[in-house]
Amino acid sequence: MVAKNLDVRQDFPILDQKVNDEQLVYLDNAATAQRPTAVTDSLVHFYQTDNANVHRGVHTLAERATEDYENARRKVQKFINAAEPEEVIFTKGTTDGLNLVASTYGEANIQAGDEIVISIMEHHSNLIPWQQLAIKKHATLKYIGLTADGELDMADAAAKITDKTKIVAIAHASNVMGVINPLAELAKLAHQHGAIIVGDGAQAAPHVPVDVQALDVDFYAFSGHKMMGPTGIGALYGKRALLEAMPPYQYGGEMIDFVHQQDSTWAQLPYKFEAGTQNIAGAVGLGTAVDYLTSVGMTNVEAHEQAIVDYLLPKLVADPDLEVYGPHDPAKHTGVIAFNVKGIHPHDIATALDMEGVAVRAGHHCAQPLMTYLGLVATARASFYLYNTQQDADRLLVALAETKEFFNHGAVKA
């Protein structure tokens, strides 16, 4: 049975609406989450009371804005248990953070003949930067495969990660297969071979407790909008020694120490990697989202979503008309559930479900190599978060049944 629902839905007014004359059931959380009132209120408050540029003024508003911005950094540091706030770089999101690492650490450290190891389940954001770096540097890009039930094949990982490996980049949680990857075990394996490990935390940081020191990752990137913060903001964690040795990602204001006519020196961490005026309000909103998640408790968020999976996944797996991807054991499956209905294109499934008020995603989910690996073109995907309920899962099941009935028999909804 599903555990008692978290009492949070009243904090998300967007959920209290009808879509196509049906009460909205939002199940596209892997793409972006909804925001609680506390987050949107914090944005309004910042712009109406504290708005100014940071680190550059001595007037009161500038000092308040700077404190707001740096306080958000400290909140993120505690949220992921980074050793110090200077190890947290504000970015535009996961994609920006991963590109930062590839363009700085990767450019400086990858040479011809080196190897970069990723998995076949990676989102394009954690694939293309390494692919293009390998092409540019004449390095080799290697892919870890999957087991029969869709988990990362750790035997293959042990074979693929060698003394030639310089970078291992792996999603902490898959946006398609619905699995949590053993990042700490992979970090140990990478470090044994002298490689660094980069964690894509886009699908993990919003849903499970994250401790970057316990995971022993060298870098870890995640997005604000997937964890109820604003769009256009995210964070990159990096170990201080690595960040200090890396060249800047972009050049301009704020990231400098002193500019001479023919040369420049760079600011200390974290500002070396935060050129120009940052998304200050976005950082403030992200800090508020961290406060919200912390108040709920990440162990409670994880348990709530797992309870929904425990209830829903066996029902989907038992449906002979459905193909469910990833592990069929609920204990091994996150709240991201990708599936197909036999004989119906996933885009048609998503459209039909939308007519029932149920919002899901359909497509390749920015994971085309994975789709090819699985022999698919696309899937439908339902993804759950802390404000979803067992009733939402039931609505999905009913809508799927009505959709199958319509396509099989041409029935029209009354």
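Residues take their numbers from the sequence shown, with the count starting at 1.
- Under the side-chain contact (heavy atoms from CB on, under 4.5 Å) criterion, Pro13 pairs with Thr37, sequence neighbours left out.
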Side chain to side chain contact (heavy atoms under 4.5 Å, CB included) between Lys272 and Thr104, worked out: CA-CA 12 Å; Lys272 179 173 72 169; Thr104 55; over 6 Å; no
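- The only option from Leu141, Ile197, Ile110, Asp114 that meets the side chain to side chain contact (heavy atoms under 4.5 Å, CB included) definition with Ile167 turns out to be Ile110.
- Between Pro230 and His225, the closest side-chain pair of non-hydrogen atoms is not below 4.5 Å.
- At a threshold of 4.5 Å between non-hydrogen side-chain atoms, the residues Val44 and Asp41 do not count as touching.
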Side chain to side chain donor-acceptor pair (under 3.5 Å) between Gln306 and His333, worked out: CA-CA 8 Å; Gln306 187 61 53; His333 211 296; over 6 Å; no
Verdict with supporting geometry, Tyr143 and Trp130, ring-ring contact (aromatic ring centres under 6.0 Å, His included): CA-CA 11 Å; Tyr143 289 84; Trp130 312 116; over 10 Å; no
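- Under the side chain to side chain contact (heavy atoms under 4.5 Å, CB included) test applied with Val117, the options Ile170, Leu189, Ile161, Leu186 reduce to a single match, Ile161.
- Listed here is the closest heavy atom pair of His304 and Leu386: NE2-O, 3.2 Å.
- Side-chain atoms of Val168 and Val198, non-hydrogen and from C-beta on, never get closer than 4.5 Å to each other.
- Among residues two or more places apart in sequence or in another chain, the side-chain contact (heavy atoms from CB on, under 4.5 Å) test is passed with Arg9 by Leu15, Tyr387, Thr389, Asp392.
- Defined by atom type and a distance below 3.5 Å, a donor-acceptor pair is present between the side-chain atoms of Asp218 and His191.
- Between the side chain of Asn99 and the backbone N or O of Thr95 there is at least one donor-acceptor pair closer than 3.5 Å.
- Pairing each heavy atom of Ala214 with each of Ala184, the nearest pair is O-CB, 4.3 Å.
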Side chain to side chain contact (heavy atoms under 4.5 Å, CB included) evaluation trace for Ile89 with Tyr249: CA-CA 11 Å; Ile89 311 299; Tyr249 181 42; over 6 Å; no
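- The stretch residues 296-305 participates, sequence neighbours left out, in no salt bridge (Lys or Arg N to Asp or Glu O under 4.0 Å) pair at all.
- Shortest non-hydrogen contact noted between Ala380 and Ile349 is CB-CG2, 4.2 Å.
- Scored by the side-chain contact (heavy atoms from CB on, under 4.5 Å) test, Lys75 finds Asn71, Val290, Asp291 as partners (sequence neighbours excluded).
- In this structure, a donor-acceptor pair under 3.5 Å is present between the side chains of Thr94 and Ser223.
- For the pair Met154/Pro182, a side-chain contact is recorded, criterion being any heavy-atom separation below 4.5 Å from C-beta on.
- Each side-chain hydrogen bond (donor to acceptor under 3.5 Å, both in side chains) pair with one or both residues in residues 170-181, not counting sequence neighbours, appears once here: His172-Tyr220.
- Atom NZ of Lys92 sits in a sparse spot, with 12 or fewer heavy atoms from other residues, nucleotides or ligands closer than 6.0 Å.
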Show which side-chain atoms of residues 393-400 pair as donor or acceptor with protein atoms under 3.5 Å away, not counting sequence neighbours.
from   : atom 1 : to     : atom 2 : distance (Å)
Asp394 : OD1    : Tyr311 : OH     : 2.4
Asp394 : OD2    : Tyr311 : OH     : 3.4
Arg395 : NH1    : Gln23  : O      : 3.2
Arg395 : NH2    : Gln23  : O      : 2.9
Arg395 : NH2    : Glu356 : O      : 2.8

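- Separation of atoms CD1 (Ile233) and OG1 (Thr91) is listed at 6.5 Å; rounding is to 0.5 Å.
- Scanning for side-chain hydrogen bond (donor to acceptor under 3.5 Å, both in side chains) contacts around Asn51 gives an empty result, with sequence neighbours left out.
- Residues satisfying the ring-ring contact (aromatic ring centres under 6.0 Å, His included) test with His59, not counting sequence neighbours, are none.
- Rounded to the nearest 0.5 angstrom, Phe222 CZ and Met227 CE are separated by 5.5 Å.
- In this structure, Trp266 has its ring center no closer than 6.0 Å to that of Phe258.
- A donor-acceptor pair under 3.5 Å is formed between the side chain of Ser42 and the backbone N or O of Val39.
- Other residues, nucleotides and ligands contribute only 12 or fewer heavy atoms inside 6.0 Å of the CD atom of Gln268.
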Residues Gln192, Lys188; criterion side chain to side chain contact (heavy atoms under 4.5 Å, CB included); working and verdict: CA-CA 6 Å; Gln192 286 174 347; Lys188 182 177 180 181; 3.6 Å; yes
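- Between the side chains of His193 and Thr165, no donor-acceptor pair of N or O atoms lies under 3.5 Å.
- A donor-acceptor contact under 3.5 angstrom links the side chains of Asp211 and Asn81, judged on distance only.
- The two residues Pro327 and Glu151 make their nearest non-hydrogen contact at CG-CG, 3.8 Å.
- In this structure, Tyr26 has its ring center no closer than 6.0 Å to that of Phe12.
- Contact between Leu152 and Thr147 at its shortest, heavy atoms only, is O-CG2, 4.0 Å.
- For the atom pair CG (Leu312) and CD (Gln390), the distance works out to 9.5 Å, reported to the nearest 0.5 Å.
- Annotation: ring pair (Phe, Tyr, Trp, His ring centres under 6.0 Å) contacts involving residues 362-384, sequence neighbours excluded, comprise His124-His364.
- Residue Asn340 is tested with Val324, Asp321, Leu376, Val377 for a side chain to side chain contact (heavy atoms under 4.5 Å, CB included); the sole match is Leu376.
- Closest non-hydrogen pair, Val309 versus Gly335, comes out as CG2-CA, 3.6 Å.
- Taking the six-membered ring for Trp, His207 and Tyr385 have ring centres closer than 6.0 Å.
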Derivation of the salt bridge (Lys or Arg N to Asp or Glu O under 4.0 Å) call for Arg240 and Glu87: CA-CA 6 Å; Arg240 173 180 275 275; Glu87 293 182 324; 5.7 Å; no
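- Here the side chains of Leu286 and Val284 are not in contact, with every heavy-atom distance at 4.5 Å or above.
- For His45, there are no ring-ring contact (aromatic ring centres under 6.0 Å, His included) partners, not counting sequence neighbours.
- Listed by chain and number, the residues in a side-chain contact (heavy atoms from CB on, under 4.5 Å) with Ser295 amount to none (sequence neighbours excluded).
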Worked check of salt bridge (Lys or Arg N to Asp or Glu O under 4.0 Å) between Glu86 and Arg73: CA-CA 8 Å; Glu86 290 78 12; Arg73 194 190 309 276; over 6 Å; no
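- In this structure Lys78 satisfies the side-chain hydrogen bond (donor to acceptor under 3.5 Å, both in side chains) test with no other residue, sequence neighbours excluded.
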